[in-house]
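Working notes, beginning with the structure itself.
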Amino acid sequence: MKKHRWNITLALTVLLLGGGLLFLWQTGFFAAATSLEGIRAYIEEFSPYSQAVFFSVQLASVILAPIPSNITAAAGALLFGMWPAFLLTWAAVALGSLVVFCLARTLGQKFVERFVSEKVSERYLGLMKRKRDVFLCLVFLFPFFPDDIICILAGLTDIKRTRFAMIVVLFRPWGLLVACGVGRSVISIPLWGMVLIGIAGAILFLVGLKYGDRVEACLLERMKKR
């Protein structure tokens, strides 16, 4: 009975994913995704339902990777403005993260293996199980890691759904906010600035992995004393 439910859930998931990809392909999204202006024009074609389509595209960017959510966020900012695009993206990415997490938690290792290569799984899963919260927070903060794949793999760890949801809501939006700011020209970062940010981010990530547990334990101890 359990195997039967697993097969039905998997079949429905594959059907929905395939249907989503077919819709995007037939409506010309992938042809439009070669530039910010192309994505903006694609979303605008669906007016007066442009915001709903934008939300759906951002949701698909998590579930149907490799659609780049940061790039589509920047295109949305061109169309709707920085804050509306950010809030729609934040909601869609958070929802998508929870969907893939719950699918992995429900369907288990066999499901994850269909979407994540063994090499990628070995690279991140062991580290995630050891460092868990610290690792997830740092990965979501910095744009150098496959966030969507990390959300799938997180479903195989022992982290609680509510705790995972809290981490996603608090730590995933910052890169999206920057993308929306850049798209609306509120934020302008030169190439050398991006390089410096990348180097600083990598250093902070490594330091966080090494000392994050100690900092967390210290903060918790101080909170208990208050």
Side-chain angles (χ1 to χ4, degrees), residues 2-3 5-25 29-31 33-34 39 56-73 89 92-161 163-165 167-168 171-176 179 198 201-202 204-206 208-210 212:
K2 184 177 180 181
K3 185 177 181 180
R5 287 200 302 268
W6 190 96
N7 289 332
I8 292 176
T9 305
L10 180 60
L12 288 173
T13 301
V14 172
L15 183 63
L16 289 172
L17 293 179
L21 282 172
L22 182 62
F23 172 80
L24 291 172
W25 179 71
F29 173 80
F30 294 109
T34 55
I39 298 174
S56 300
V57 168
Q58 294 301 70
L59 181 62
S61 73
V62 181
I63 302 174
L64 300 176
I67 302 172
S69 57
N70 286 328
I71 295 177
T72 49
T89 300
V93 169
L95 177 59
S97 300
L98 292 174
V99 168
V100 295
F101 173 87
C102 290
L103 284 173
R105 176 63 56 86
T106 301
L107 298 176
Q109 183 71 40
K110 290 184 179 180
F111 168 78
V112 173
E113 289 174 353
R114 296 172 184 265
F115 296 93
V116 183
S117 68
E118 183 179 351
K119 182 179 180 180
V120 173
S121 182
E122 288 178 354
R123 181 185 303 167
Y124 293 111
L125 188 56
L127 185 59
M128 193 186 308
K129 287 181 177 179
R130 292 195 306 272
K131 297 290 185 178
R132 211 185 65 178
D133 294 9
V134 172
F135 178 81
L136 288 173
C137 292
L138 290 171
V139 163
F140 291 153
L141 275 176
F142 302 114
F144 313 106
F145 304 94
D147 294 3
D148 303 328
I149 290 177
I150 295 299
C151 289
I152 297 176
L153 292 175
L156 299 180
T157 68
D158 61 352
I159 188 172
K160 293 182 179 179
R161 287 183 177 89
R163 191 173 184 86
F164 176 77
I167 291 174
V168 167
F171 289 92
R172 280 211 77 170
W174 303 110
L176 302 173
L204 287 173
F205 181 81
L206 293 174
L209 280 181
K210 187 171 183 179

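- The CG atom of L136 sits 10.0 Å away from atom CG of L153, with the distance rounded to the nearest 0.5 Å.
- Salt-bridge formation is detected for the pair R172/D148: a Lys NZ or Arg NE/NH1/NH2 atom is positioned less than 4.0 Å from an Asp or Glu carboxylate oxygen.
- A side-chain contact (heavy atoms from CB on, under 4.5 Å) with V100 holds for exactly one of I63, V112, I150; it is I63.
- Classification of the Y124-F135 ring pair by plane angle, with boundaries at 30° and 60°, yields tilted.
- The shortest heavy-atom contact between V168 and A94 is CG1-CA, 3.8 Å.
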(request) Begin from the C-alpha positions of T72 and F29 and carry the test side chain to side chain contact (heavy atoms under 4.5 Å, CB included) through to its verdict. (result) CA-CA 11 Å; T72 49; F29 173 80; 4.1 Å; yes
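- Here CG of L95 is found 5.0 Å from CG of L59. Values are rounded to the nearest 0.5 Å.
- In terms of modelled atom types and a separation under 3.5 Å, the side chain of R105 and the main chain of T157 share a donor-acceptor contact.
- A distance of 9.5 Å separates CE of M128 from CD1 of I159, quoted to the nearest 0.5 Å.
- Scanning both residues, A33 and I39, for their nearest heavy atoms gives CA-CG1, 3.6 Å.
- For the pair F164 and A154, the tightest heavy-atom approach, listed with the atom from each and the gap, is CE1-CB, 3.7 Å.
- For the atom pair CG (L156) and CD (Q109), the distance works out to 5.0 Å, reported to the nearest 0.5 Å.
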(request) Apply side chain to side chain contact (heavy atoms under 4.5 Å, CB included) to V99 and V62, showing your working. (result) CA-CA 9 Å; V99 168; V62 181; over 6 Å; no
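- Atom OG in S97 sits 8.0 Å away from atom CG in D147 (nearest 0.5 Å).
- The backbone N or O of E118 lies less than 3.5 Å from no partner atom in the side chain of S121, so there is not a single donor-acceptor pair.
- To the nearest 0.5 Å, atoms CD1 (I149) and OG (S117) are separated by 7.0 Å.
- Between F30 and L21, the closest side-chain pair of non-hydrogen atoms falls below 4.5 Å.
- The two residues C137 and F171 make their nearest non-hydrogen contact at SG-CE1, 3.4 Å.
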